[in-house]
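We name chains A, B, ... by the order of the sequence lines, and we start the count at 1 in each one.
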Amino acid sequence: MSVEEHVIEQLPAYALGALDEDDTLAVIRHLNQCAACQVELRAYEAVANQLGFAAPVAEPPPHLKKRILEHQALKKRMPSRSRELTHLPLAWGLVGILVIAILAASNLFLWREVALLRAEREPQVFQTVAMAGTELNPDARGVIIISADGKHGTLVVDDLPRLDEEHEYQLWLIRDGRRTSGGTFNVGREGYGSLWVSASDPLDSYPAFGVTIEPAGGSPAPTGEKVLGGEF
Amino acid sequence: MDYKTLDDTSLIRLIAHNKQDALGELYDRYGRLVFSVAFNSTSNQAVAEEITQDVFTRVWEKASTYDVDLAKVSTWLISITRNRAIDELRRLRVRPENHSVGWDDLSRENVPQSDGPETLTELIWKQKSVREAIALLPPDQQQSLALAYFKGYSHSEIAAALGEPLGTVKTRIRLALQKLRQVLEEKVVDSG
């Protein structure tokens, strides 16, 4: 689609996430090169973002606030526990370091075992999907390691640029032209990151996977640049 | 500290510093709004509770990344909630048995429970403005809009659900958003 063929009429539905896949891709391609349509889109996104204010009223149960705050309280205690560790005797600290070293070594051993199993084409304990960088980041790479029953997986990526606080990477599980979110993540300064992945359907029922850059919190459908892609 | 007197942005800053009471106050202000969006998307009390908990957990974890220049706290919360709810619908492959989701409560207001005067006034004004704008739309546009917004339906899914031609649905969605944009811009509703 050329710049001359604006997508003004499709922008309202795009802002709502209601466009079908082909139309979405056409709009994204156009938006990438048309500042005027980007301005129009922001106006419709502002409208779409306010629709929730008109949601019919539903009363949350009285216990929900307590449940939420107690949930946070548990998370909050974790850092203070780690600070307490600094007051433990040195011997206990050394024991801790030893345990960590053993765990790290066993992890490394398990990873090598997985690689060997694949290389020897023995019955697979895990399935893996290699993901390659796009033109945006050709050096980026990733792998999705999926459990034997396909119920769980872990995405590991490397050499992706760290995103600012307003954006996150989002994994998409792709099947029959539909994209289901697999979760959002960011990477550390070294460009390395990981994400635990699960879905209602087995992960190995999705023939393809992609990673895009989305606003923090993720999007209902891909809106940003694709940075990684892979297929079974 | 009386958290009720603080604005939303100050609450978020305090949450970023692990002030749990600030999260409690934010819940008092927006818990019902978040739950309402989640419930209208999922039509399931337990799932809506789970999503509400997830949203406030995310606020707790991500408060330090919040940028007031990008979005008001209220629209940030709504956006997180809607994304999370639609993700859940797709994950569970939930589809309503009927397509009765809608804006059938436009006469009521999601009044927050806090007595923070500025927050209260602003939220009520926003809710009133958006409800009035949606009420101006024809019922068929309201219905298509609700399916797109709450259920995350695409054009073709709405057309299939309602048994309407695809072109008709596309026109309804486009006209609805164009009308809302016009009305809300005239009302000078904060688009943050």
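With contacts defined as side-chain heavy-atom distances shorter than 4.5 Å, the pair B:Thr75/A:Phe53 qualifies. Two residues are said to be in side-chain contact when any heavy atoms from C-beta on lie closer than 4.5 Å; A:Leu51 and B:Ile134 meet this criterion. Side-chain contact between B:Thr52 and A:Ile68 is present, with at least one heavy-atom pair separated by less than 4.5 Å. Looking at heavy atoms from C-beta onward, B:Tyr27 lies in side-chain contact with A:Leu64 at the 4.5 angstrom threshold. At a threshold of 4.5 Å between non-hydrogen side-chain atoms, the residues B:Phe35 and A:Pro61 count as touching. Contact annotation: the side chain of B:His155 approaches that of A:Leu19 to within less than 4.5 Å [non-hydrogen atoms, C-beta and beyond]. In this structure the side chain of B:Tyr66 never reaches within 4.5 angstrom of the side chain of A:Glu165, judged on heavy atoms. The shortest distance between side-chain heavy atoms of B:Lys170 and A:Glu9 does not fall below 4.5 Å.
Looking at A:Asp164, there are no atoms closer than 4.5 Å to chain B (heavy atoms on both sides), in backbone or side chain. Contact annotation for B:Arg174: both backbone and side-chain heavy atoms come within less than 4.5 Å of a heavy atom of chain A. For chain B, the nearby part of A:Glu168 is the side chain; its heavy atoms alone come within less than 4.5 Å. Proximity to chain B is absent for every atom of A:His167, based on heavy atoms less than 4.5 angstrom apart.
At a cut-off of 3.5 Å, with distance as the only test, no side-chain donor of A:Asn49 or B:Ser79 sits close to an acceptor on the other residue.
Remark: A:Leu16 CG to B:Leu147 CG distance equals 11.5 Å, nearest 0.5 Å.
When every heavy atom of A:Ala55 is checked against every heavy atom of B:Arg131, the shortest pair comes out as O-NH2, 3.2 Å. Listed here is the closest heavy atom pair of B:Val37 and A:Gly52: CG2-O, 3.7 Å.
A donor-acceptor pair under 3.5 Å is formed between the side chain of B:Asn40 and the backbone N or O of A:Pro56. Between the side chain of B:Arg181 and the main chain of A:Ala46, no donor-acceptor pair closer than 3.5 Å is present. Of the possible polar contacts, none joining the B:Tyr149 side chain to the A:Ala48 backbone as a donor-acceptor pair under 3.5 Å is found. At least one donor-acceptor pair under 3.5 Å links the side chain of B:Gln20 to the backbone N or O of A:Leu69.
Among the candidates B:Gln45, B:Glu49, B:Arg32, the single residue satisfying the side-chain contact (heavy atoms from CB on, under 4.5 Å) test with A:Pro60 is B:Arg32.
Checked against side-chain contact (heavy atoms from CB on, under 4.5 Å), A:Ser181 has the following partners two or more places apart in sequence or in another chain: A:Gln170, A:Trp172, B:Asp87.
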Decide yes or no on side chain to side chain contact (heavy atoms under 4.5 Å, CB included) for A:Gln50 and B:Gln127, but give the supporting numbers first. CA-CA 9 Å; A:Gln50 294 179 71; B:Gln127 291 173 329; over 6 Å; no
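The interface of residues 217-230 of chain A with chain B, defined by heavy-atom distances below 4.5 Å, comprises A:Gly217, A:Gly218, A:Ser219, A:Pro220, A:Ala221.
Under the 4.0 Å criterion applied to side-chain N and carboxylate O atoms, B:Glu25 and A:Lys65 are not assigned as salt-bridge partners.
Surrounding CZ of B:Arg58 are more than 12 heavy atoms belonging to other residues, nucleotides or ligands, all under 6.0 Å away.
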